[in-house]
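Side chains are part of it too, since the values below use all heavy atoms of this structure and drop only hydrogens, waters and symmetry mates. Chain naming here is simple, since letters A, B, ... match the order of the sequence lines and numbering starts at 1 in each.
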Number of protein chains: 2
Amino acid sequence: MTTVLVVDDQQLQRYGFRVLLDSMPETEVVGEAANGAEAVRRTAELRPDVVLMDVRMPGVDGIEATRRIVEAGGRSRVLVLTTFDVDEYVHAALRAGASGFLLKDARPEELLAGIRAVAGGDAVIAPALTRRILDEYARYVPTGRNAPDEDPRLASLTEREREILVAIGKGWTNGEIAARFVVSESTVKTHVGRVLAKIGARDRVQAVIFAYDRGLARPGAG
Amino acid sequence: MTTVLVVDDQQLQRYGFRVLLDSMPETEVVGEAANGAEAVRRTAELRPDVVLMDVRMPGVDGIEATRRIVEAGGRSRVLVLTTFDVDEYVHAALRAGASGFLLKDARPEELLAGIRAVAGGDAVIAPALTRRILDEYARYVPTGRNAPDEDPRLASLTEREREILVAIGKGWTNGEIAARFVVSESTVKTHVGRVLAKIGARDRVQAVIFAYDRGLARPGAG
DNA sequence: CGCCGGGTGGTACCGCGGTACTACGCGCCG
DNA sequence: CGGCGCGTAGTACCGCGGTACCACCCGGCG
């Protein structure tokens, strides 16, 4: 039996979900909340398997509530529901740590399948949104651990040279790298020169780009 | 009626899909292929709505076949199927342009729902894989159009300065930028200097990092 | 033993990158 | 009209980055 907390500011909407889910043998609505703050509280109290979260709500919205629930670290998974497939919502929800994002016009069996998946530790995205997610995914995400291993340029780097490349990717000058690695700047220059030669970069700027392309450097680091 | 091309090197597997799909009122198997090369050919001939593509095949594998089919630009969508949820496959398939990725142990209704979604221009990912996709997505994808707009540094750039920043992100030297923009190198230097000051970067290396962080520069461009 | 690769270090040189400051034409707006 | 933001352009200066070349130490290996 999967326990569910229904969060929506509209009472009628909550009622609809309750009727639907309680009529199913595998799901049970154990509580409701009408806003984000209440959702966070009741999640802590009831520890439901799944929180069915509406986005648009007065006060603390569904995104912020999701963030707090996820950060609290409980075992409850959040499945975000919205009427509007606005990109901003999807991005924000997924970054907040939601395990799923479905549209309210989903068919009951889709909703059930989503709840089942989320409860099982998996994640779901409405097909209508998956398209856009994938487009961005393909654009931004390097190549997993695919290209890096295949790329002979990266493989030809020694351990030390890879460290140097990562340091370059952090935007450090040769002097800063020397200081952090506790070696002389001459040594750093030697390494940098070899790195550039091996990866086929003209200067450290192109080395940074190379590092980002292969996922050696990542946003938010350094 | 949704037309489907079944691609799998195992004859028994193809037979299974054919029986399943032909028994459904809304889908019809219009052809089969036993390897990647044949899949590309028959897709061009038959122009199916959906190509059900196995990954592991002798010769041209499913990933490469997907890439070719997508690049050909027809209206056929590729739904990749595999027995093993290996990360490499998922990444590669999605980057190759697949509209979906499901596991072969999916229940028939899931498969049907997937085919329906893909045929309708949407995309699907098996819930078991979506979790990992989302984790990487949240890590790598900037913040949609969120953070960039919020960041006053980026907002303070003029149109021209943003162009300059993108050019820096491509790894171009001041001279190259001047040539491509058909202005003098002095002008470029002036712009670069202002960009660095506005975004708080010490040199163009940090500017590149800034550009990647905000999604202004992307892997694979330039 | 000698050789070799990798890490370390140094010297010398030059050019691109970055800064500081000035300047002019243009379009917009009070 | 005068001011201002923006794009353009120039000069002068200096330092970091990158290259070329050489050198030493150390560990592994034939």
Inset, instruction - For A:Thr158, report the nucleic acid contact type (base, sugar-phosphate, nothing); a contact means any heavy atom under 4.0 Å. - result: sugar-phosphate
Inset, instruction - Can you check each nucleotide of nucleotides 13-26 of chain D against protein heavy atoms at under 4.0 Å and return B for base, S for sugar-phosphate only, - for none, in 5' to 3' order? - result: ----BBS-------
Please list every donor-acceptor pair under 3.5 Å in which a side-chain atom of residues 178-185 of chain A meets a protein atom from a residue at least two apart or in another chain.
from     : atom 1 : to       : atom 2 : distance (Å)
A:Ser184 : OG     : A:Ser186 : N      : 3.3
A:Ser184 : OG     : A:Thr187 : N      : 3.2
A:Ser184 : OG     : A:Thr187 : OG1    : 3.1

Inset, instruction - Applying side-chain contact (heavy atoms from CB on, under 4.5 Å), name anything that partners A:Ile199, two or more places apart in sequence or on another chain. - result: A:Leu157, A:Leu165, A:Val195, A:Ala201, A:Ala207, A:Phe210
Legend entry - Sequence neighbours excluded - salt bridge (Lys or Arg N to Asp or Glu O under 4.0 Å) pairs with any residue from residues 51-62 of chain B: B:Asp54-B:Lys104
Inset, instruction - Check side-chain contact (heavy atoms from CB on, under 4.5 Å) between B:Arg67 and all other residues, then give those that pass, not counting sequence neighbours. - result: B:Ile63, B:Glu64, B:Glu71, B:Ala96
Legend entry - A:Thr187 side chain near C:dG7 phosphate (N/O to OP1/OP2, under 4.0 Å): no
Legend entry - Partners meeting side-chain hydrogen bond (donor to acceptor under 3.5 Å, both in side chains) with A:Gln10 (sequence neighbours left out): none
Legend entry - Selection residues 119-128 of chain B - residue pairs positive for salt bridge (Lys or Arg N to Asp or Glu O under 4.0 Å), sequence neighbours left out: none
Inset, instruction - Using distance alone, with no hydrogens and no angle criterion, decide if B:Asp49 and B:Thr3 have a side-chain donor and acceptor under 3.5 Å apart. - result: yes
Inset, instruction - Give every residue pair that meets the salt bridge (Lys or Arg N to Asp or Glu O under 4.0 Å) criterion with at least one member in residues 197-211 of chain A, sequence neighbours excluded. - result: A:Glu161-A:Lys198, A:Arg202-B:Glu176
Inset, instruction - Enumerate the residues from residues 177-184 of chain B whose closest heavy atom to DNA chain D is under 4.0 Å, giving them by residue number; use none for an empty result. - result: B:Val183, B:Ser184
Legend entry - Atom-to-atom span, CD of B:Glu161 to P of D:dG5 - whole angstrom: 13 Å
Inset, instruction - Please list, chain by chain and in numerical order, all residues satisfying side-chain contact (heavy atoms from CB on, under 4.5 Å) with A:Val166, sequence neighbours excluded. - result: A:Lys170, A:Leu216
Legend entry - Atom pair distance, as rounded to whole Å: CG in B:Leu157 and P in D:dG7: 10 Å
Legend entry - Rounded to 10 degrees, the angle between the two terminal axes of the helix from C:dC1-D:dG30 to C:dG30-D:dC1, each from five pairs: 20°
Legend entry - Set of residues satisfying side-chain contact (heavy atoms from CB on, under 4.5 Å) with respect to A:Ala113, sequence neighbours excluded: A:Arg116
